[in-house]
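Keep in mind that this is a model prediction, so the values were computed, not measured. Numbered from 1 within each chain, the chains take letters A, B, ... in sequence-line order.
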Amino acid sequence: MSLGILGYGVYIPRYRISVHEIARIWHEDGESISKGINVIEKAVPAMDEDTATISVTAVQNALRHSGLSPSEIGAIYVGSESHPYAVKPTAVTVAEAIGATPHLTAADLEFACKAGTAGMQMVFGLVAADEIRAGIAVGTDCAQGRPGDALEYTAGAGGAAFVIGKNKPIATLEGMYSYTTDTPDFWRREGARYPSHAGRFTGAPSYFRHTLSATQGLLDKLGLSLNDFDRVSFHQPNGRFPLSAAKALGIPLEKIQDALCVRRIGNTYSASSMMGFARQLDLAKPGERILLVSYGSGAGSDAFSFVVTDEILEKRERSIPVDKYMDRRTELDYALYAKHRGKIIMK
Amino acid sequence: MGVARSWRTQKSRYRLTGSKCTKCGALYFPINIVCIKCTSLDLEEFQFSGKAKLIEWTRVDEAAKGFEHLVPYYFGIVELEEGVRISTQIVDVVDENILQPGLQLQMTFRKLGEGTEEGIINYGLKAEPVDW
Amino acid sequence: MGKNEKVAVISTGMTEFGDLYEYEITGIANLAIYEALNNLHIKKEEIESLYVGNMGSHLFEGQENLGNLIATYAGLTCPAFKIQAAGASGAVALRNAVKGIQSGSKELVMVLGVEKMTEATKQHEAQLALASGLDTNWETRMGATLASLFAIMARAHMREYGTTREQIANVVVKNHYNASLNPKAQYKNRVRVESVLRSKLLSDPLRLFDACALSDGAASVVLASEEVAYSYDSDPVFIYQIKQGFAPIALHQRESLTEFSGTKFAAEKAYRDMGITAADISLAEVHDIFSIAEIIAIESLGLVEKGKGGFATENGDTALDGSIPINTSGGLKGRGAPLGATGVAQIIELFDQIKGNAGDRQIKDIKYALAHSMGGTGGTSVVSILGR
Ligand SMILES: [Zn+2]
């Protein structure tokens with residue numbers, strides 16, 4: 001019996017809008033923007049999808065992959081910055097939809113793009129303390145970018161869910177470490193429709209400082225070096241930042257490139273680093289060690305080290321790989337995108 | 001949909017939970033308290049799998065209230081693999097030509113009508129093509 | 001008293017159908033009630049009961065206790081009450097009135113079908129009222145509209161029987177033509193197949209012209225026992241049969257998408273109890289709430305062969321000069337569709353036809369005439385057979 005991940009699942013809406021198409025509307029150079037942020041297109045939810053619906057499907061996929069029944073789930077935490085309600089938890093809808101109610105605990109979490117990994121830490125804690133046998137952490141967002149703002153090119157949609165427990169994990173947890181400060185690089189005030197950000201301040205003092213420090217802290221804590229890791233997933237606000245972080249740490253490209261879902265689905269915020277981690281698990285072989293480091297503005301990073309077990313091969317046929325969702329795509333023009341994102345006021 | 005009704009019908013709307021008569025085996029969706037085939041009141045909850053096939057459909061251009069933002073949307077009658085039929089929206093239909101009777105579908109969790117800004121959000125199941 | 005006891009229609013009254021903005025619901029009710037009373041100098045005190053068929057007064061104008069309201073403004077003091085069965089409200093009211101007389105407890109009663117739909121000036125209010133005849137929980141809340149359900153039936157009929165979109169449009173063309181000959185009709189304009197096919201899509205393949213428009217109107221009939229009828233009319237029109245058929249409220253709960261099973265049941269029972277067949281019917285008023293409904297209705301009534309409704313319409317079999325004229329009044333489509341009034345208005349059209357008072361739309365040599373009214377998408381069906 002060792003603490004780890006029993007199953008995982010993701011969901012990505014099928015609609016896409018390209019960086020080129022968004023640039024066309026704002027009379028920007030799509031080619032150079034796409035290159036600059038290393039993003040081709042982003043996922044857009046259907047008009048009847050939101051963070052709750054995306055979470056439900058991701059959790060259903062994760063639960064099926066884990067082989068657990070809903071009644072075995074003792075906790076559900078949904079991390080997001082786009083919960084459908086200001087007051088009323090998304091997690092209860094997820095719990096009800098999968099049939100895990102009423103004997104469980106549930107809550108919504110918010111910490112910009114790292115609320116999902118915060119949920120993972122909490123579930124690990126509850127399972128480690130033997131308070132629950134298994135629990136689920138979800139990171140999901142239908143990210144909003146102000147029209148015309150740089151964030152509009154990357155604000156994507158998707159969810160990733162992890163079933164955490166002790167019985168035959170597909171990847172065991174070696175340890176986790178967090179690095180947290182009050183760094184105002186990105187925020188949204190109560191009632192504001194779109195988030196605001198601090199431009200280049202989101203880089204060095206924010207994303208890089210926290211991501212790199214959390215990584216280093218985890219290595220120190222576990223007595224490991226980066227050479228011990230076969231695969232890495234960092235938070236992906238764009239396609240450039242995680243590569244720069246890897247470069248700064250001396251991580252070769254081949255260890256991180258499989259995680260870069262951002263290029264095709266955009267920044268899925270709370271799901272971002274978890275989505276990359278899920279894709280690494282899709283491709284991982286038993287015995288491989290994977291580094292997962294999230295980043296949430298505000299700011300903090302959670303770092304985790306996992307070692308893949310033989311169980312992953314047994315369960316793989318029950319999973320829907322990230323690629324299947326990434327390859328399923330229907331392109332929208334900007335007008336339809338505006339309709340999808342509720343930017344057309346109808347009443 | 002009112003709060004009490006939304007809450008009361010959750011199991012059926014969220015999870016496709018219906019009823020099975022313990023006497024004659026008849027299946028019902030949504031949850032029913034009496035078997036209209038054998039009049040037994042001895043029914044138990046039954047979980048439909050969510051696998052379904054298309055019976056007939058239409059494309060709605062003039063929407064029902066609360067569904068205006070979805071126009072045009074697909075709406076149809078589908079038969080669950082257990083043999084019970086339901087009315088549902090069909091989502092993520094990119095090519096209308098795939099909508100032939102017998103098309104394999106599965107249920108997916110979505111928002112129902114938009115509702116009001118102050119009201120609750122109603123969720124439920126819609127059908128999507130199995131083959132992406 | 002046996003169930004075969006004939007009940008006579010002795011007098012009728014009807015408003016124009018259309019946008020009757022200047023009248024309250026009690027106003028149009030009075031126009032219909034007093035026309036029927038005054039035609040035969042019937043004193044209002046002689047009416048023993050008032051059966052009001054109405055679908056949506058609560059939804060359209062927030063008014064219930066409608067029987068009492070209408071009786072009050074009409075100066076009637078007899079028992080009065082509303083009967084609601086969606087689009088079949090008027091017909092179900094009529095059936096209960098017939099039963100009242102057949103029971104022997106009453107000899108002279110009035111049926112009023114009335115609807116005031118223009119009180120809802122917002123499109124969605126009216127649409128919601130119309131959709132209230134469906135299973136709101138498991139149809140409407142899932143995105144169904146009345147049009148979408150009839151569109152599903154149309155698609156199924158086209159798929160199963162090769163019915164064409166043009167054939168369905170021919171129902172509209174015919175009914176508008178008939179309405180053009182009916183002074184009390186709402187839509188007296190004639191339309192062509194192309195205009196139907198070019199009108200706005202509601203729910204593929206059905207378009208705006210396939211649907212009925214909102215309408216205000218009232219229609220009333222005075223019913224009498226056979227004995228009393230002869231004191232007013234030496235050659236009365238009788239309602240020989242009035243049967244009600246059932247089908248589940250939701251379309252998805254029904255066995256077939258291309259048949260109104262409740263209609264079929266009611267019609268077959270009526271023919272059987274009367275010892276006639278569909279071939280003895282000379283003309284029929286059917287519930288063409290959408291064009292496709294007329295095609296399915298005439299098949300379910302056995303007036304045309306199953307699957308041949310579209311072809312029969314296209315061939316002109318259902319036209320005024322055809323073998324089985326359908327909706328000589330213009331139907332719900334052309335005459336107008338104030339829902340609760342439609343089931344009673346159908347009876348008035350048949351009454352006029354049998355009496356030979358149908359003017360330019362008169363059908364000759366009528367043996368029996370049939371009326372068919374429906375609630376929702378066919379959950380409630382009422383079939384009546386009239387004759388001398
Ligand atoms: Zn039973």
Side-chain angles (χ1 to χ4, degrees), chain A residues 11-16 44-61 64 69-70 83-90 92-102 142 159 320 323-332 336 338-347, chain B residues 3 6-17 45-50 60 63-75 88-96 98 106-132:
Chain A
Y11 178 77
I12 302 164
R14 76 172 301 140
Y15 303 96
R16 303 283 185 276
V44 180
M47 282 170 278
D48 54 3
E49 291 182 312
D50 66 10
T51 292
T53 69
I54 291 171
S55 297
V56 167
T57 309
V59 168
Q60 285 169 338
N61 289 341
R64 189 186 323 107
S69 74
H83 290 290
Y85 287 92
V87 180
K88 185 186 178 301
T90 308
V92 295
T93 304
V94 174
E96 199 69 60
I98 65 164
T101 52
C142 292
I320 302 173
D323 282 3
K324 178 133 195 220
Y325 280 112
M326 285 210 293
D327 293 344
R328 176 188 85 142
R329 53 185 290 288
T330 300
E331 217 168 310
L332 303 177
L336 270 175
K339 185 182 177 196
H340 271 244
R341 296 307 289 130
K343 293 182 199 298
I344 300 171
I345 307 297
M346 295 185 68
K347 56 190 167 206
Chain B
V3 168
S6 174
W7 169 80
R8 185 193 312 121
T9 53
Q10 243 167 26
K11 265 190 191 173
S12 293
R13 278 191 300 115
Y14 283 15
R15 252 183 277 161
L16 216 59
T17 303
E45 281 189 7
F46 178 82
Q47 194 54 55
F48 288 92
S49 73
V60 179
K65 181 167 165 51
F67 294 81
E68 297 91 341
H69 60 298
L70 298 177
V71 165
Y73 61 87
Y74 296 95
F75 177 82
T88 181
Q89 267 178 256
I90 307 156
V91 297
D92 283 0
V93 176
V94 177
D95 177 5
E96 195 167 294
I98 67 165
Q106 63 196 11
M107 303 310 285
T108 178
F109 191 80
R110 296 291 178 110
K111 277 196 286 185
L112 297 177
E114 192 49 51
T116 61
E117 210 156 281
E118 297 79 24
I120 57 165
I121 303 170
N122 290 303
Y123 294 99
L125 296 170
K126 300 181 180 180
E128 65 174 351
V130 169
D131 287 325
W132 297 342

**Prompt:** Is it the case that more than 12 heavy atoms not belonging to B:D131 sit under 6.0 Å from its CG atom?
**Reply:**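 Count not over threshold, so no.
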**Asked** Checking B:R110 side chain against A:T53 main chain: does a donor-acceptor pair fall under 3.5 Å?
**Response**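 Side chain of B:R110 to backbone of A:T53, a donor-acceptor pair under 3.5 Å: no, none is there.
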**Request:** Heavy atoms only: give me the nearest A:K339-B:P72 pair and the separation to one decimal.
**Result:** NZ-CD, 4.3 Å
**Request:** Only one of A:R14, A:R328, A:R329 passes side-chain contact (heavy atoms from CB on, under 4.5 Å) with B:V94; say which it is.
**Result:**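 Per the side-chain contact (heavy atoms from CB on, under 4.5 Å) rule, the option paired with B:V94 is A:R14, out of A:R14, A:R328, A:R329.
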**Asked** Is B:F109 close to A:T93 at the side-chain level, that is, under 4.5 Å between some pair of heavy atoms?
**Response**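 They are in side-chain contact.
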**Asked** Side-chain contact, heavy-atom cut-off 4.5 Å: A:M47 with B:K111?
**Response**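 No, every pair of side-chain atoms sits at 4.5 Å or beyond.
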**Prompt:** Partners of A:H340 by ring-ring contact (aromatic ring centres under 6.0 Å, His included), sequence neighbours excluded?
**Reply:** A:Y15
**Asked** With a 4.5 angstrom heavy-atom cut-off, which part of A:I98 approaches chain B: side chain, backbone, both or neither?
**Response**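 For A:I98, the contact with chain B is made by the backbone alone.
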**Prompt:** Which bit of A:K324 is near chain B, if near means a heavy-atom gap under 4.5 Å: side chain, backbone, both or neither?
**Reply:** both
**Message:** So, using side chain to side chain donor-acceptor pair (under 3.5 Å) as the criterion, who are the partners of B:R8 when residues are at least two apart?
**Reply:**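 So B:R8 forms no side chain to side chain donor-acceptor pair (under 3.5 Å) with any residue.
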**Prompt:** Between B:I120 and chain A, which part of the residue has a heavy atom less than 4.5 Å away: side chain, backbone, both or neither?
**Reply:** both
**Request:** Mind checking the CE-CD spacing from B:M107 to A:Q60? Nearest 0.5 Å is all I need.
**Result:**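 The CE atom of B:M107 sits 11.5 Å away from the CD atom of A:Q60.
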**Prompt:** What distance do A:D48 atom CG and B:I121 atom CD1 have between them, rounded to the nearest 0.5 Å?
**Reply:** 12.5 Å
